[in-house]
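Working notes, beginning with the structure itself.
Every number for a ligand or one of its atoms is a count from 1 in the order of the listing.
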Amino acid sequence: MGIHFGVDYYPEHWPRERWETDARLMKEMGVQVVRMAEFSWFKMEPAEGEFDFEWLEDAVALLDSYGIKSVLGTPTAAPPAWIIQKNPEIQPIDREGRRRHFGGRHHDCQSNAVYRAHISRFVTAYAKRFADNPGVIGWQIDNELGNSHGDLCMCDSCKRQFQAWLHKKYGTIEALNDAWGTAFWSQGYNHFEQIGTPLLTAVGENPSAMLDWKCFCSDLIVDFAAHQARILREICPNHFITHNFMCFDNKVNYYELAGLLDFVSNDIYPAGHWQKQPHQPDSELAACHDVIRGYKKKPFWMMEQQSGMAGWEIMGRALEPGQMSAWAMQSVAHGADAVVFFRWRTCAMGTEQYWHGILGHSGNPGRTYHEAKRLTETFAKYMEDFEGSMPRPEVAIVHSFRQNYAFDIQPNHPQLGYVEQLQKYYKALYDKKIPVDFVQGMDDLSQYQLVIAPLQYLMTPELEQHYMDYVEGGGNLVLTMRTGVKDATNLCMTDRELPGRLGDLCGIEVPEYDCLLETTGGVLYGKKEYTIEKWCDMITLKGAQQIAEYSTGFYKQTPAVTENKYGNGTAWYIGTEPGEELMEDIMTYITSTCGIETLGTAADGVEMMTRESDEKLWLFVINHTGDEQVYHLHGMYTLLEGEREEFLQPYEVQLFEGYRRRK
Ligand code: GAL
Ligand code: ZN
């Protein structure tokens, strides 16, 4: 029996006498795994070299006696006070040059050699102690790497490592000066030792330097994790290693981090108080799961699935009956092989007193506990079959950390966000019940009928060629505004009009553009006028056909969206950000032209998603709304779970079985 449901557990926060009750209640709820100890360094090493792992061994053994396995976290996101007292230099420096201090978490510099030595000592002892423990199955390295590291760290150690990283990348200072365009504002360097971390300047910053800095920070975090992975792999060859990612968070390149891991895990909190709406829309959550699956092209774990109202100082909305289950099964539908709920019991102390779990402060099983129990009772039997199966979409959206960095540095328009832009394209497909993969531009695209590559801002000759080959060979590609603008080091392209060589692919040129700073614009498509946002590329046709034209601006009646046959395929160019309605209609046109299958029809808020093994296909229909809904499926399926076909109760999850139809 594999492992499919679990909770994040902090036995050290509760009296020992309670542990057995916890274990029993967990077992009755269907819990098969806990994650523990990812913030418990002080409990395990109260003074340098004095280890106390007994309490954790006891907890692992007790849980194991109830058939519950343990994943252990390395607590390196929270070095204890005695380390900080001895080595205050490991605390990070922010952009204003201030040291950030002990008292929260993530108060560590990830390049610091002294801190690495503390980690080596601790993780080695920890791993040795649990290597042969029958209750332990795997490790989580650190916790949410990149979280809280937004503007950290700018210390001298990080500076030296950045200089070395640049030296290795560019070889000579002349090459760096060229790549960064330091002729501007007298920014030339004589040697690498002059280059600092990006402390706050008087005004402005060099976009090329900032791009390298962000890539360096990502490499540093990957290296920080690799250091621990090496220790764990050597001492615990039978345990898996994972890490809890944060959806689209971009401090570390997750494709690269995933390379160190056996599988990727994710954390998701759809209903935090920081969300613009009571909770994050289901389409955005679906996209998060799809990108997580894409980081390693494999099923994943949910290491923290929200189970209660979330908040530190301020709280979000309470979860409605069934909502947690709908979110959990959404994770599964998109490729989660295991769902671990955060957290078992709402904590009575510390920053996260109001981040609610399966049990409330009182520890009595209530509404959430019983919902979780029903969920495992209903779906545990299928989870075994799902394991290893994958969604197999016909459509891919291109995702890139470097493009994301470039838009963080220069958003072009104040509201333009790289991930938000991907989410807009994603939503149009999601609402049509068309499954999507996220891929990197240079991946093999040939398995996809349609590839959507928004904002291909930084361009390389290799990527240009790759896209041209894909379309030439029969692929269908959507490119958008702000494509081919910059080279790999974030300097503007100067050889040709935009979008560079991809202009041949799209049959267009973009000699001018307009930023819709404080206004929206209009487009005529068919006979209808639609709203567009943020940007207008002024397009000259060089063989392409116009699909839609601007209806506003001095460039009105010129092309806004174009279509071009190239080789055996088609390239579309969308020179603006379509408003929701135009997005929907253009995507209907493009997906139907490409013959993309839709799983069914239903209102927004009703999700359809499939996972497939070699023989079987499972279809999930999920109602993310608090209302009854109806739906219709395109295809023959057998209902495995659910009350009534074509009808959904609020937050109901239905499961169907089918056979692979794919060509
Ligand atoms: C996550 C984190 C957990 C916990 C939770 C609630 O981001 O991994 O350790 O802090 O949020 O705040
Ligand atoms: Zn540092």
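- In the model, Asn143 has a side-chain atom that pairs as donor or acceptor with a side-chain atom of Asn244 under 3.5 Å.
- A side-chain N or O of Tyr10 and one of Glu38 form a donor-acceptor pair less than 3.5 Å apart.
- With a cut-off of 2.8 Å, the protein N/O/S atoms near the Zn ion (ligand 2) add up to 4.
- With respect to Asp8, the side chain to side chain donor-acceptor pair (under 3.5 Å) criterion is satisfied by exactly one of Gln140, Arg35, Arg345, Arg343: Arg35.
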Between ligand 1 and the protein, which N/O pairs are shorter than 3.5 Å?
{"unit_1": "ligand 1", "atom_1": "7 (O)", "unit_2": "Glu144", "atom_2": "OE1", "d": "2.4"}
{"unit_1": "ligand 1", "atom_1": "7 (O)", "unit_2": "Glu144", "atom_2": "OE2", "d": "2.7"}
{"unit_1": "ligand 1", "atom_1": "8 (O)", "unit_2": "Asn143", "atom_2": "ND2", "d": "2.8"}
{"unit_1": "ligand 1", "atom_1": "8 (O)", "unit_2": "Glu144", "atom_2": "OE1", "d": "3.3"}
{"unit_1": "ligand 1", "atom_1": "8 (O)", "unit_2": "Glu144", "atom_2": "OE2", "d": "3.1"}
{"unit_1": "ligand 1", "atom_1": "8 (O)", "unit_2": "Glu304", "atom_2": "OE1", "d": "3.1"}
{"unit_1": "ligand 1", "atom_1": "8 (O)", "unit_2": "Glu304", "atom_2": "OE2", "d": "2.8"}
{"unit_1": "ligand 1", "atom_1": "9 (O)", "unit_2": "Arg105", "atom_2": "NH1", "d": "3.0"}
{"unit_1": "ligand 1", "atom_1": "10 (O)", "unit_2": "Arg105", "atom_2": "NH1", "d": "3.0"}
{"unit_1": "ligand 1", "atom_1": "10 (O)", "unit_2": "Arg105", "atom_2": "NH2", "d": "2.8"}
{"unit_1": "ligand 1", "atom_1": "10 (O)", "unit_2": "Glu352", "atom_2": "OE1", "d": "3.3"}
{"unit_1": "ligand 1", "atom_1": "10 (O)", "unit_2": "Glu352", "atom_2": "OE2", "d": "2.2"}
{"unit_1": "ligand 1", "atom_1": "12 (O)", "unit_2": "Trp312", "atom_2": "NE1", "d": "3.0"}
{"unit_1": "ligand 1", "atom_1": "12 (O)", "unit_2": "Glu352", "atom_2": "OE2", "d": "2.8"}

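- Here Asp156 does not pair with Arg160 in a salt bridge; the nearest charged N to carboxylate O distance is not below 4.0 Å.
- Ring pair Phe162/Phe216 is tilted by interplanar angle, where 30° to 60° counts as tilted.
- Taking 4.0 Å as the cut-off between side-chain N and carboxylate O, Lys424 and Glu284 do not count as a salt-bridged pair.
- Every residue meeting the side-chain contact (heavy atoms from CB on, under 4.5 Å) condition with Gln187, not counting sequence neighbours, appears here in chain and number order: Thr182, Trp185, Asn206.
- Residues passing the side-chain contact (heavy atoms from CB on, under 4.5 Å) test with His279, sequence neighbours excluded: Ala271, Gln323, Trp327.
- Between Tyr354 and His356, the two ring planes are parallel [angle under 30°; tilted spans 30° to 60°].
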